[in-house]
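Beneath this line is the structure, given in structure tokens, with notes to follow.
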Amino acid sequence: MSGVSLFPVFLVGLAGSVHCAGMCGGIVGALSLPRPRQPTPALREPAFPVPVRSSTASASLTWVGAYNAGRIASYMTAGALAGGLAGSAASLALLPALQAGFYWAANLMLVALGLFLMDAWRGLARVEQAGQALWRHLAPLLRRANGARAGGGRMFALGALWGWLPCGMVYSVLVTAMLSGSALGGAGVMLAFGLGTLPMLAALGLAGGRLRALMARRTVRLCCALAILAFGILGLARAAGGLPAGWMHELCLGSPA
């Protein structure tokens with residue numbers, strides 16, 4: 001099975017991250033809450049009627065970087081499993097049509113994701129509902145673990161846990177990871193996707209609710225959804241033989257055969 005073009009995968013993550021602003025905003029908020037400042041001996045007497053919470057910019061960057069690194073590491077692990085399993089199946093079954101099938105499936109998932117983001121089709125909503133249900137059980141544990149002494153290692157572990165929550169967008173890209181046909185290729189696909197989502201989720205962790213409100217605007221979501229939908233349609237058209245190769249290869253996930 002041939003490799004996958006990583007540039008469109010990165011762009012899918014970048015455009016699809018507007019969805020993360022809505023679905024993962026609560027997780028980002030819980031992970032980015034400022035830690036309570038530990039009182040010094042000279043300030044044992046409470047000077048304010050409520051606790052004062054503070055967070056330095058350097059500490060915030062450390063926390064945001066650590067939990068996003070853990071999240072992307074989980075994506076890469078899932079991608080390695082998907083790519084490795086698909087590659088093994090292809091080598092055992094010796095079916096040339098398997099790669100073409102994965103190519104069609106990957107681009108159909110992009111079309112489904114684009115329609116989902118523009119609210120034209122809600123087929124992926126059940127996956128999101130499962131993620132929200134699981135999040136309601138994990139949120140109290142996350143808040144307790146995310147205490148005053150939470151360091152980079154713990155934040156990395158929390159981010160890694162976050163990466164395994166059910167997400168329709170992640171699953172749609174995992175189909176593309178299967179198209180790579182190897183564990184290393186699958187991990188690379190999910191790394192490109194994770195890096196595409198990183199600017200949005202890092203900004204959410206640092207800027208908070210104002211950016212989340214901006215990304216929830218209908219116009220922004222529609223533009224990003226149309227971009228993802230266009231990638232899927234281009235890939236399907238190429239698979240059907242309706243588009244030439246050449247520069248178009250850079251905008252498609254890979255080769256259909």
Side-chain angles (χ1 to χ4, degrees), residues 3-32 58-86 106 109-110 113 117 124 127-128 131 134-135 138 142 145-146 150-180 182-208 211-212 215 224 228 231 253-254:
V4 175
S5 299
L6 299 183
F7 179 63
V9 176
F10 173 82
L11 292 181
V12 166
L14 188 64
S17 60
V18 296
H19 176 63
C20 304
M23 294 304 301
C24 299
I27 300 177
V28 174
L31 290 173
S32 304
S58 60
S60 295
L61 286 172
T62 299
W63 295 324
V64 169
Y67 67 66
N68 275 293
R71 175 180 63 87
I72 294 174
S74 289
Y75 291 169
M76 293 176 65
T77 302
L81 291 173
L85 289 174
M109 288 299 293
L110 289 185
L113 179 59
L117 291 180
L124 295 178
V127 178
E128 304 294 345
L134 183 57
W135 163 245
L138 291 178
L142 184 63
N146 189 22
R154 180 177 293 183
M155 298 304 290
F156 180 91
L158 292 173
L161 176 63
W162 170 18
W164 290 103
L165 290 179
C167 174
M169 187 170 74
V170 172
Y171 293 162
S172 67
V173 182
L174 277 175
V175 178
T176 305
M178 296 176 68
L179 178 63
S180 70
S182 69
L184 182 60
V189 167
M190 297 309 293
L191 173 61
F193 168 74
L195 291 177
T197 64
L198 182 59
M200 173 66 70
L201 289 174
L204 278 174
L206 297 173
L211 181 61
R212 183 180 178 184
M215 293 299 104
C224 294
I228 295 175
F231 281 123
L253 294 176

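Since the structure is predicted, the reported quantities are computational estimates derived from the model, not experimental observations.
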Search all heavy atoms of [X] against all heavy atoms of [Y] and return the closest pair with its distance.
{"X": "Ala106", "Y": "Thr176", "answer": "CB-OG1, 3.5 Å"}
{"X": "Ala66", "Y": "Met155", "answer": "CB-CB, 3.8 Å"}
{"X": "Ala82", "Y": "Ala177", "answer": "CB-CB, 4.4 Å"}
{"X": "Ala15", "Y": "Cys224", "answer": "O-CB, 3.2 Å"}
{"X": "Gly194", "Y": "Thr197", "answer": "O-OG1, 2.8 Å"}
{"X": "Ser74", "Y": "Ala160", "answer": "OG-O, 2.6 Å"}

Task: Contact check, side chains of Leu206 and Leu61, non-hydrogen atoms, under 4.5 Å - done: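 When only atoms from C-beta onward are counted, Leu61 and Leu206 do touch, with a gap below 4.5 Å.
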
Task: Beyond-backbone contact of Arg71 with Tyr67, side-chain heavy atoms, under 4.5 angstrom - done: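 Side-chain contact under 4.5 Å: no.
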
Task: Test applied, side chain to side chain contact (heavy atoms under 4.5 Å, CB included); reference residue, Ser172; option that passes from Val12, Leu113, Ile228 - done: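 That would be Leu113; it is the only one of Val12, Leu113, Ile228 passing the side chain to side chain contact (heavy atoms under 4.5 Å, CB included) with Ser172.
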
Task: Identified side chain to side chain contact (heavy atoms under 4.5 Å, CB included) counterpart of Met190 within the set Leu81, Val170, Val9 - done: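 Single pass found, and it is Val170.
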
If I take atom [atom1] from residue [X] and atom [atom2] from residue [Y], how far apart are they, to the nearest 0.5 angstrom?
{"X": "Tyr171", "Y": "Met109", "atom1": "OH", "atom2": "CE", "result": "10.5 Å"}
{"X": "Trp162", "Y": "Ile72", "atom1": "CH2", "atom2": "CD1", "result": "9.5 Å"}
{"X": "Tyr75", "Y": "Leu195", "atom1": "OH", "atom2": "CG", "result": "11.5 Å"}
{"X": "Leu11", "Y": "Ser5", "atom1": "CG", "atom2": "OG", "result": "11.0 Å"}

